[in-house]
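Everything on this sheet refers to the single structure shown next.
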Amino acid sequence: MSDQMDDRSLSGQDATPRWYVIQCKGGESFRAAEHLGNQGYRVFHPVLQVQKKRRGKLCWIEEPLFPYYLFIRLDRIASNWRPIRSTRGVLKLVGFGDDPLPVDDGLVDVLLDSASREAGSQDTHVYFRAGEIVEITEGPFRALQAVFESQKGEERAIVLLNMLHQQQRLEVPVGELRRR
């Protein structure tokens, strides 16, 4: 940030901390959040817990709610803005021209509330949804389509398979299913 921008933006501004948006380099939002946090900045990086297939097994991973972006709490007078741009993973502060624009506090408050509720509820982001068409990829029913009914524990699923003009319930490993 230039000194000219600092002088212009400080005139008429109070020291009330506000949320700003940081654009991160591709795939480096977690790194940027960690490094900014290590420098003492208050950072909010909203993430979701989602189930993904890794090497044929389902596992829970964290994904950013807003890929490439995170929020930082700064005030115009007391905060040191200079190290932010040179922090690993950071591309720039989002703004208009050289002037970073604050985000509405209400929006970030809603996201913070949602993130705290999300932390206690992992089962809202299951890999398959009831009624979804899946394909069985292994075993005697390989290449057949079925309807996902429910998850049974962490490793097994109940699917409905059309056999002899009737839907039959079948229990299969979740790793042997894929979306159609």
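Position 1 is the first residue of the sequence, and the numbers go up from there. Nothing here was measured: the structure is a model prediction, and the numbers come from that model.
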Practice task
Measure across Tyr68 and Gly27 and return the closest heavy-atom pair with its distance rounded to 0.1 Å.
Solution key: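 Heavy-atom minimum between the residues: CE2-N, 3.7 Å.
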Problem - Heavy-atom closest pair, residues Gly175 and Thr137 - result: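 Smallest interatomic distance, heavy atoms only, reads O-OG1, 4.2 Å.
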[X]: partners by side chain to side chain contact (heavy atoms under 4.5 Å, CB included), with sequence neighbours left out:
X	value
Val108	Trp19, Phe44, Phe71, Val103, Leu112
Pro102	Arg18, Tyr20
Ile61	Val50, Lys52, Arg54, Cys59, Glu63

I'd like to know if [Y] and [X] are part of one continuous hydrophobic network [Ile/Leu/Val/Met/Phe/Trp/Tyr, side-chain heavy atoms within less than 4.5 Å].
X	Y	answer
Phe141	Ile133	no
Leu144	Val147	no
Ile136	Met163	yes
Leu161	Phe148	yes
Leu93	Val43	yes

Practice task
Using the test salt bridge (charged side-chain N to carboxylate O under 4.0 Å, His left out), find all partners of Arg31 that sit at least two apart in sequence or belong to another chain.
Solution key: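 Expected list: Glu28.
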Problem - Set of residues satisfying salt bridge (charged side-chain N to carboxylate O under 4.0 Å, His left out) with respect to Glu132, sequence neighbours excluded - result: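 Applying salt bridge (charged side-chain N to carboxylate O under 4.0 Å, His left out) to Glu132 gives Arg179.
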Nearest 0.5 Å please: distance from the [atom1] atom of [X] over to the [atom2] atom of [Y].
X	Y	atom1	atom2	value
Arg129	Ser150	CZ	OG	14.0 Å
Asp104	Asp109	CG	CG	8.5 Å
Leu91	Ile22	CG	CD1	10.5 Å
Leu48	Leu65	CG	CG	5.0 Å
Leu36	Leu74	CG	CG	9.0 Å
Ser29	Leu70	OG	CG	6.5 Å

Exercise for the section: Provide the full list of side-chain hydrogen bond (donor to acceptor under 3.5 Å, both in side chains) pairs with a residue in residues 157-177, sequence neighbours left out, each pair given once. Expected result: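 Passing the test, one end in residues 157-177: Glu149-Arg169, Lys152-Glu171, Arg156-Glu171, Gln166-Gln168.
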Handout entry: Side-chain (Tyr41) to main-chain (His35) donor-acceptor, under 3.5 angstrom
Key =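 No.
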Practice task
Please confirm whether the backbone N or O of Glu135 pairs with a side-chain atom of Arg178, one donor and one acceptor, at under 3.5 Å?
Solution key: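 Not a single qualifying donor-acceptor pair exists.
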Handout entry: side chain to side chain contact (heavy atoms under 4.5 Å, CB included) between Val21 and Phe66, worked out
Key = CA-CA 11 Å; Val21 177; Phe66 305 109; over 6 Å; no
Exercise for the section: Check whether any side-chain heavy atom of Asp75 lies under 4.5 Å from a side-chain heavy atom of Trp81, and answer yes or no. Expected result: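 Asp75 does not reach Trp81 side chain to side chain.
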Listed by chain and number, what are the side chain to side chain donor-acceptor pair (under 3.5 Å) partners of [X], not counting sequence neighbours?
X	result
Glu34	none
Gln23	none
Ser79	none
Arg42	none

Practice task
Identify whether the distance between the nearest side-chain nitrogen and carboxylate oxygen of Arg76 and Asp99 falls below 4.0 Å.
Solution key: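 Yes, charged N to carboxylate O under 4.0 Å.
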Exercise for the section: Please name all residues satisfying ring-ring contact (aromatic ring centres under 6.0 Å, His included) with His45, sequence neighbours left out, ordered by chain then number. Expected result: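 So His45 forms a ring-ring contact (aromatic ring centres under 6.0 Å, His included) with Phe30.
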Exercise for the section: Kindly indicate, with the supporting measurements, whether the criterion side chain to side chain contact (heavy atoms under 4.5 Å, CB included) is fulfilled by Thr87 and Gln39. Expected result: CA-CA 9 Å; Thr87 300; Gln39 294 176 55; 2.9 Å; yes
Exercise for the section: Might you work through the side chain to side chain contact (heavy atoms under 4.5 Å, CB included) test for Ile72 and Ile84, ending with a clear yes or no? Expected result: CA-CA 10 Å; Ile72 188 167; Ile84 295 172; 4.0 Å; yes
